[in-house]
2 protein chains.
Amino acid sequence: MSPSQPRDRGIPEATVARLPLYLRALHGMAERGIATVSSEDLAAAAGVNSAKLRKDLSHLGSYGTRGVGYDVEYLVYQISRELGLTQDWAVAIVGVGNLGRALANYGGFVSRGFRVAALVDADPEVVGDTIAGLNVEHIDELEAVIKRRGVSIVVLATPAAAAQEVCDRVVAVGVTSILNFAPVVLSVPDTVDVRKVDLSIELQILAFHEQRKAGGPLMAVDSQ
Amino acid sequence: MSPSQPRDRGIPEATVARLPLYLRALHGMAERGIATVSSEDLAAAAGVNSAKLRKDLSHLGSYGTRGVGYDVEYLVYQISRELGLTQDWAVAIVGVGNLGRALANYGGFVSRGFRVAALVDADPEVVGDTIAGLNVEHIDELEAVIKRRGVSIVVLATPAAAAQEVCDRVVAVGVTSILNFAPVVLSVPDTVDVRKVDLSIELQILAFHEQRKAGGPLMAVDSQ
DNA sequence: CCGACTTTGTGCATCGGTTCACAAAGGGCT
DNA sequence: AGCCCTTTGTGAACCGATGCACAAAGTCGG
Ligand SMILES: NC(=O)c1ccc[n+]([C@@H]2O[C@H](COP(=O)([O-])OP(=O)(O)OC[C@H]3O[C@@H](n4cnc5c(N)ncnc54)[C@H](O)[C@@H]3O)[C@@H](O)[C@H]2O)c1
Ligand SMILES: NC(=O)c1ccc[n+]([C@@H]2O[C@H](COP(=O)([O-])OP(=O)(O)OC[C@H]3O[C@@H](n4cnc5c(N)ncnc54)[C@H](O)[C@@H]3O)[C@@H](O)[C@H]2O)c1
């Protein structure tokens with residue numbers, strides 16, 4: 001009934017997926033001392049269309065000024081709050097092999113709101129090592145570590161064969177957000193969010209389009 | 001005119017993105033000696049709904065048998081062909097740091113149709129090293145290496161600041177498929193496909209839902 | 001204080017994708 | 001051969017997302 005209902009509490013999934021993109025562009029602008037930005041410019045920086053950007057932002061409220069644009073700092077704050085980045089999140093990486101190590105050493109990981117709070121592996125060779133200043137703990141300690149460190153997001157970087165079992169265990173201790181790098185479809189209760197990153201799938205999609213470009217009737221060999 | 005037109009040559013993007021998932025499930029089944037599979041079972045293995053799976057497959061042609069299901073081997077072949085995996089693709093990894101190294105050492109990368117054909121970096125410390133059996137070449141050689149090895153897909157794993165420049169150079173020598181790990185929006189001509197993998201965005205999306213679960217009265221649902 | 005100009009926020013048409021539900025197709029049993 | 005059972009392939013309704021186009025809102029110069 002009240003006509004001014006700033007936060008809808010029903011932000012479309014597609015919008016949520018783009019907010020981090022806007023946030024990144026805004027951080028860049030803030031660093032370069034830009035105080036105010038139009039939807040046109042911000043959209044360009046984020047690689048989207050300006051109508052889409054305005055609609056996305058309208059889901060969080062009316063934070064722009066007509067004729068002027070958006071206040072960069074204020075918008076950074078609003079988006080950060082909406083995404084839950086005003087608190088910090090303890091992340092555990094399970095499986096400290098090639099990939100897990102790269103992730104652990106990655107600085108940008110930690111940058112905004114996220115903190116690698118634990119590394120866990122099953123290999124006795126690896127357990128006890130210090131990587132990126134963190135001690136690698138044994139998989140037997142998985143539940144204890146998660147509870148002790150207040151981990152709420154788990155990154156799975158184990159071999160595919162171990163992923164479901166580890167997943168079941170972390171779900172059992174109450175973790176409801178998982179980022180999965182193993183090439184398997186995880187089975188979880190629907191209270192749990194799983195996002196997957198699958199390199200192989202990305203390459204296959206590229207290959208599909210590449211093949212089509214090469215084979216199609218129109219050879220689009222454009223020089224820019 | 002001819003009523004049986006098996007391949008539509010206009011496969012929806014959403015379908016393309018799921019074909020690799022089906023392919024993986026099918027490979028698993030083939031290995032376990034399963035000859036035939038119903039849409040119901042294959043859908044379950046791939047984590048999708050069976051109507052969606054059937055519609056997806058119908059875009060490639062009528063490869064099922066009513067009352068029976070799909071022949072596993074045959075479907076593997078058809079999907080592989082559609083995705084362009086019957087040829088092999090030479091991939092170059094540019095930026096051999098934490099992430100680039102992990103990718104280079106990753107076996108599953110090579111497994112189906114893809115071959116890491118070159119590693120390129122700018123750091124004199126790294127150039128000349130042998131990683132995963134490959135010599136790391138200097139960034140000055142980028143264009144020459146791409147041409148010499150017939151690279152058609154480039155994986156960008158440089159720092160964000162270098163990504164656009166490397167991107168411009170590979171596009172200039174004719175590469176039209178790029179997998180980008182750097183957290184920047186690449187600007188490319190629209191003949192070029194860019195797919196991005198962005199860990200930080202994935203975590204932020206998880207954080208958004210995690211926050212909502214904790215704070216809101218209604219438990220949010222997930223999508224894998 | 002006003003009027004011209006800029007830019008937001010959104011209603012609406014459209015589009016692509018998902019899901020349901022069922023007729024058509026094929027296999028196998030008797 | 002004929003019938004029943006299973007499962008595909010798809011028409012059609014539905015749903016969320018996109019993009020256009022513009023009225024509303026606000027700024028700024030005079
Ligand atoms: N490396 C890549 O570039 C890459 C790319 C895409 C996907 N992946 C996937 O990511 C995962 C990890 O890849 P990787 O290259 O780091 O593999 P890896 O073999 O180097 O590392 C796996 C690590 O997991 C540990 N592990 C095994 N079983 C475990 C368990 N039950 N609990 C905890 N830890 C366990 C191993 O000891 C090892 O340290 C794999 O599923 C792989 O398919 C990797
Ligand atoms: N490591 C991760 O887990 C991770 C996760 C997400 C995203 N990323 C992104 O992936 C990229 C690589 O990350 P990283 O951790 O491997 O960084 P890194 O610093 O370890 O490696 C970057 C490598 O690129 C090389 N390089 C720099 N400029 C170059 C140029 N102009 N041409 C060729 N090579 C060049 C450097 O010499 C270095 O070897 C970064 O953009 C990072 O933001 C990394």
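Each chain gets a letter, A, B and so on, in the order its sequence line appears, and its residues count up from 1.
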Using every non-hydrogen atom in the two residues, find where A/Q164 and A/V185 come nearest and quote the distance to one decimal. OE1-O, 4.0 Å
Could you check if a side-chain atom of A/R169 sits within less than 4.5 angstrom of a side-chain atom of A/I139, using non-hydrogen atoms only? yes
By nearest heavy atom, map A/A51 and B/R54 onto DNA chain D; which one lands nearer the 5' end? B/R54
Stretch residues 65-73 of chain A: residues that reach within less than 4.0 Å of DNA chain C through a heavy atom: A/T65, A/R66, A/G67, A/V68, A/G69, A/Y70
Correct closest heavy-atom pair for A/V175 and A/V192 would be O-CG2, 4.0 Å
Can you give me the closest heavy-atom contact between A/L83 and B/Q211, atom names plus distance? C-NE2, 3.9 Å
Under 3.5 Å, is there a donor on one side chain and an acceptor on the other for A/E73 and A/Y77? no
In residues 30-50 of chain A, what residues come within less than 4.0 Å of DNA chain C, judged by heavy atoms? A/S38, A/S39
Whether B/T65 side chain and B/V68 backbone form a donor-acceptor pair below 3.5 Å: no
If we ignore hydrogens and angles and just use 3.5 Å, is the side chain of B/Q87 paired with the main-chain N or O of B/G113 as donor and acceptor? no
Less than 3.5 Å apart, any donor N or O on the side chain of B/E210 or A/S177 sitting next to an acceptor on the other? yes
Protein proximity profile, nucleotides 11-17 of chain D - base contact B, sugar-phosphate-only contact S, no contact -, cut-off 4.0 Å on heavy atoms: BB----S
Return yes if some donor-acceptor pair links the side-chain N/O of A/K147 with the main-chain N/O of A/V173 below 3.5 Å, else return no. no
Side chain A/W89, main chain A/G84, donor-acceptor under 3.5 Å: yes
Looking at B/R54 and B/E40, is there a salt bridge between them, counting it only when a charged N and a carboxylate O are closer than 4.0 Å? no
Short question: side chain of B/Q78, backbone of B/Y63 - any donor-acceptor pair under 3.5 Å? no
With heavy atoms of chain A within less than 4.0 Å as the criterion, where does contact along DNA chain C begin and end? C/dT6 to C/dC12
Inter-axis angle, terminal five-pair segments of the helix from C/dC1-D/dG30 to C/dT30-D/dA1 [nearest 10°]: 10°
Would you tabulate the side-chain donor-acceptor contacts of residues 19-32 of chain B under 3.5 Å, counting partners in other chains and residues two or more places apart, or write 'none'?
from  : atom 1 : to     : atom 2 : distance (Å)
B/Y22 : OH     : B/R18  : NE     : 3.4
B/Y22 : OH     : B/D56  : OD2    : 2.5
B/R24 : NE     : A/P183 : O      : 3.1
B/R24 : NH1    : A/D198 : OD2    : 2.5
B/R24 : NH2    : A/D198 : OD2    : 3.4
B/H27 : ND1    : B/L23  : O      : 3.2
B/H27 : ND1    : B/R112 : NE     : 3.3

Could you check whether any side-chain N or O of B/R101 sits under 3.5 Å from a backbone N or O of B/V96, counting only pairs where one atom can act as donor and the other as acceptor? yes
Do the side chains of B/V151 and B/V170 get nearer than 4.5 Å, heavy atoms only? no
